[in-house]
Amino acid sequence: MTKDPKKQRPPFLLHLLAGFFLLALPINVSGIVQTVNSWNWLLAAGYFPHPVYAVFKGFIIAIGSLVAAISLWGRFSWSARYAQVMATLIILWFWVDRVFLTRNPLPFSDHLFPMLVSALILIFVLVSLWLLQPWMKTATPKVEPDFTESEDE
């Protein structure tokens, strides 16, 4: 006899992934603080892209990661899909920054190992969140129709 996954304790993987998203919050907030503290130095050095971009990127990723962590711990019905989208967005944004927005272009061979690692991490997160979907709470409770015959007939 199997139990309903929604009534069991959630697996450790759910807490691990929520913890990873929560860890992204202080990392990005510290990046915002560092950018604001070094604003004049970055402008004097000709930092590209503009420091406003760094603050915007850090803010979006920090807030998105916080929402993903809270929603995973709350086990909302949409949280697994949202966390998948956030993980994909974070990885894609990392690669856009690394490949297109840097002024120090590396040869493609220097990107292979980090690309492989980030692809493996993304696949792990996406598959893990897909497997965790049965442990999420449903948005509306599904009511089974009662097909018992009435006594009036």
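All values below come from the heavy atoms of this structure, side chains included, with hydrogens, waters and symmetry mates left out.
- Rounded to the nearest 0.5 Å, atoms CH2 (Trp135) and CG (Leu14) are 9.5 Å apart.
- Side-chain contact between Lys57 and Asp97 is present, with at least one heavy-atom pair separated by less than 4.5 Å.
- The only member of Val125, Leu131, Leu126 that meets side chain to side chain contact (heavy atoms under 4.5 Å, CB included) when paired with Leu129 is Val125.
- Although no hydrogens or angles enter the test, the distance criterion places no donor-acceptor pair under 3.5 Å between the side chain of Ser65 and the main chain of Ala62.
- Criterion: ILVMFWY side-chain heavy atoms under 4.5 Å apart, direct or through other members. Under it, Met86 and Phe20 are part of a common hydrophobic cluster.
- Within 6.0 Å of OH in Tyr53 there are more than 12 heavy atoms belonging to other residues, nucleotides or ligands.
- Atom CG in Leu42 sits 14.0 Å away from atom CZ in Phe48 (nearest 0.5 Å).
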- Message: Arg75 vs Leu132, test: side chain to side chain contact (heavy atoms under 4.5 Å, CB included). Steps then yes/no.
- Response: CA-CA 10 Å; Arg75 295 172 42 195; Leu132 288 173; over 6 Å; no
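- Among residues two or more places apart in sequence or in another chain, the ring pair (Phe, Tyr, Trp, His ring centres under 6.0 Å) test is passed with Trp130 by none.
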- Given Leu72 and Phe21, is the side chain to side chain contact (heavy atoms under 4.5 Å, CB included) satisfied, shown in steps? CA-CA 9 Å; Leu72 282 172; Phe21 278 110; 4.0 Å; yes
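- Thr88 places a side-chain N or O within 3.5 Å of a backbone atom of Gln84 that can act as its donor or acceptor partner.
- Once rounded to the nearest 0.5 Å, the distance linking CZ of Arg81 with OG of Ser71 reads 13.0 Å.
- Hydrophobic cluster membership differs between Ile70 and Val67, with clusters built from Ile, Leu, Val, Met, Phe, Trp and Tyr side chains linked at under 4.5 angstrom.
- Remark: Phe94 engages Arg98 in a side chain to side chain contact (heavy atoms under 4.5 Å, CB included) (not counting sequence neighbours).
- Note that CG of Leu122 is 10.0 Å distant from CD1 of Ile90, once rounded to the nearest 0.5 Å.
- Val117 and Leu17 fall within the same hydrophobic cluster, defined by Ile, Leu, Val, Met, Phe, Trp and Tyr side-chain heavy atoms under 4.5 Å apart, directly or through other members.
- The neighbour count for Tyr82 OH, taken as heavy atoms of other residues, nucleotides or ligands under 6.0 Å away, is above 12.
- Hydrophobic clustering (ILVMFWY, side-chain heavy atoms < 4.5 Å, transitive): Leu13 and Met136 are in one cluster.
- Contact of the Pro114 side chain with the Trp95 side chain is registered, since non-hydrogen atoms from C-beta on lie closer than 4.5 Å.
- In terms of heavy-atom proximity, Gln133 sits nearest to Ala80 at CG-CB, 3.5 Å.
- Using cut-offs of 30° and 60° for the angle between ring planes, the Trp39 and His50 rings count as perpendicular.
- One finds the CG atom of Leu25 at 7.0 Å from the CD1 atom of Ile63 (value rounded to the nearest 0.5 Å).
- For the atom pair CG of Leu116 and CD1 of Ile121, the computed distance is 10.0 Å after rounding to the nearest 0.5 Å.
- Under the 3.5 Å distance criterion, the side-chain polar atoms of Ser38 are left unmatched by any main-chain donor or acceptor of Thr35.
- Linking ILVMFWY side-chain heavy atoms closer than 4.5 Å, directly or via other members, places Tyr47 and Phe59 in two distinct hydrophobic clusters.
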